[in-house]
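Have a look at the structure below before the remarks.
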Amino acid sequence: MLENVITREAAIGRVRQRLEMNDCGDKSLCQFAAERGILCAGFRRYSDERLRETYHHLLRRDPFLSRVALERAANRWQLARQRDLGVSLSCDAQQVCFETCGGWNDFTNMQLAQFCGELLGEAVTVVGERTLAVI
């Protein structure tokens, strides 16, 4: 049986293309992933304390924001970063800026292969080194 071996860049491209097909409306991928439990689980991967540390810049006006309010603010901030950088997904924006996470670089080849299976129904083996994503 032939194994379907693809590069990291190809896997990211396929996952990105699938995610872009979703009608996320006013949701960043961080919010979308949190709601669906996909990829890194978005905002839900963080404890309350870690979320506050990661998005500390959003707490300047109101350091007592609830988690729900902070997630809403973080979602808007991620969408603004995407627009500023001209990219369609927060993973792409963070791949460039490394502000709240490492974007696609946070995922191992094994995780990318898992995402291809979960999101695309493709059984693949992902190979290659972590590099800047092709956006």
Side-chain angles (χ1 to χ4, degrees):
M1 177 190 245
L2 292 177
E3 196 173 352
N4 190 5
V5 178
I6 61 174
T7 65
R8 279 186 67 82
E9 291 76 19
I12 291 167
R14 290 178 186 186
V15 169
R16 181 188 293 119
Q17 185 176 30
R18 174 63 180 98
L19 291 168
E20 288 173 341
M21 290 172 46
N22 292 306
D23 182 18
C24 295
D26 60 351
K27 296 177 187 173
S28 67
L29 183 53
C30 297
Q31 183 66 44
F32 189 75
E35 292 173 357
R36 290 181 174 63
I38 60 172
L39 302 175
C40 66
F43 300 131
R44 296 287 177 221
R45 73 181 173 169
Y46 297 123
S47 66
D48 290 350
E49 181 180 342
R50 182 70 177 126
L51 183 71
R52 296 179 76 73
E53 290 170 6
T54 301
Y55 290 95
H56 63 90
H57 58 281
L58 300 176
L59 296 169
R60 287 186 191 132
R61 279 192 173 160
D62 183 358
F64 303 104
L65 279 178
S66 68
R67 181 179 180 104
V68 171
L70 181 54
E71 284 187 21
R72 278 195 303 265
N75 180 65
R76 288 190 303 271
W77 182 84
Q78 287 288 356
L79 290 170
R81 290 305 280 149
Q82 289 170 220
R83 282 190 301 274
D84 290 348
L85 294 168
V87 297
S88 58
L89 300 174
S90 46
C91 289
D92 293 330
Q94 293 310 311
Q95 179 73 29
V96 172
C97 299
F98 293 105
E99 295 164 315
T100 59
C101 70
W104 297 108
N105 272 351
D106 278 357
F107 304 120
T108 65
N109 289 350
M110 189 177 289
Q111 287 172 309
L112 290 171
Q114 179 185 346
F115 302 154
C116 285
E118 292 172 352
L119 299 172
L120 307 167
E122 296 179 7
V124 299
T125 299
V126 178
V127 297
E129 299 296 318
R130 293 179 182 168
T131 60
L132 291 178
V134 178
I135 299 173

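Bear in mind the structure is a predicted one, so any value in this text is a computation, not a measurement.
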So, R50 and E53, do they make that salt bridge, N to O below 4.0 Å? yes

Got a donor-acceptor contact below 3.5 angstrom from the [X] side chain to the [Y] backbone?
| X | Y | result |
| --- | --- | --- |
| N75 | D26 | yes |
| E122 | C116 | no |
| N109 | R8 | no |

Derivation of the side chain to side chain contact (heavy atoms under 4.5 Å, CB included) call for I38 and F115: CA-CA 8 Å; I38 60 172; F115 302 154; over 6 Å; no

[X] and [Y]: which non-hydrogen atoms are nearest, and at how many Å?
| X | Y | answer |
| --- | --- | --- |
| D106 | G102 | OD2-N, 3.0 Å |
| S90 | Q78 | CB-OE1, 3.4 Å |
| Q82 | S28 | OE1-CB, 3.8 Å |
| N4 | A123 | CB-O, 3.6 Å |
| R81 | C97 | NH2-SG, 2.9 Å |

Who else is in the cluster with V127 when I, L, V, M, F, W and Y are joined by side-chain contacts under 4.5 Å?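 Traced through the cluster, V127 reaches V5.
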
Which ILVMFWY residues can you reach from Y46 by hopping between side chains whose heavy atoms are under 4.5 Å apart? F43, L51, Y55, L58, L59, L65, L70, W77

Could you go step by step and tell me if E99 and T54 meet the side chain to side chain contact (heavy atoms under 4.5 Å, CB included) rule? CA-CA 8 Å; E99 295 164 315; T54 301; over 6 Å; no

When rounded to the nearest 0.5 angstrom, what is the spacing between [atom1] in [X] and [atom2] in [Y]?
| X | Y | atom1 | atom2 | result |
| --- | --- | --- | --- | --- |
| D48 | R67 | CG | CZ | 5.0 Å |
| L39 | L112 | CG | CG | 9.0 Å |
| C91 | R16 | SG | CZ | 9.0 Å |
| Q95 | C101 | CD | SG | 9.0 Å |
| L29 | Q94 | CG | CD | 11.0 Å |
| S47 | R52 | OG | CZ | 11.0 Å |

Is there a side-chain contact between [X] and [Y], using heavy atoms and a 4.5 Å cut-off?
| X | Y | value |
| --- | --- | --- |
| I12 | F107 | no |
| L85 | D92 | no |
| V124 | R14 | yes |

Please name all residues satisfying salt bridge (Lys or Arg N to Asp or Glu O under 4.0 Å) with R61, sequence neighbours left out, ordered by chain then number. none

Do the side-chain N and O atoms of Q31 and E35 include a donor-acceptor pair separated by under 3.5 angstrom? yes

I6 reachable from V15 in the ILVMFWY side-chain graph, under 4.5 Å edges: yes

Evaluation steps, side chain to side chain contact (heavy atoms under 4.5 Å, CB included), between L89 and W104: CA-CA 10 Å; L89 300 174; W104 297 108; 4.2 Å; yes

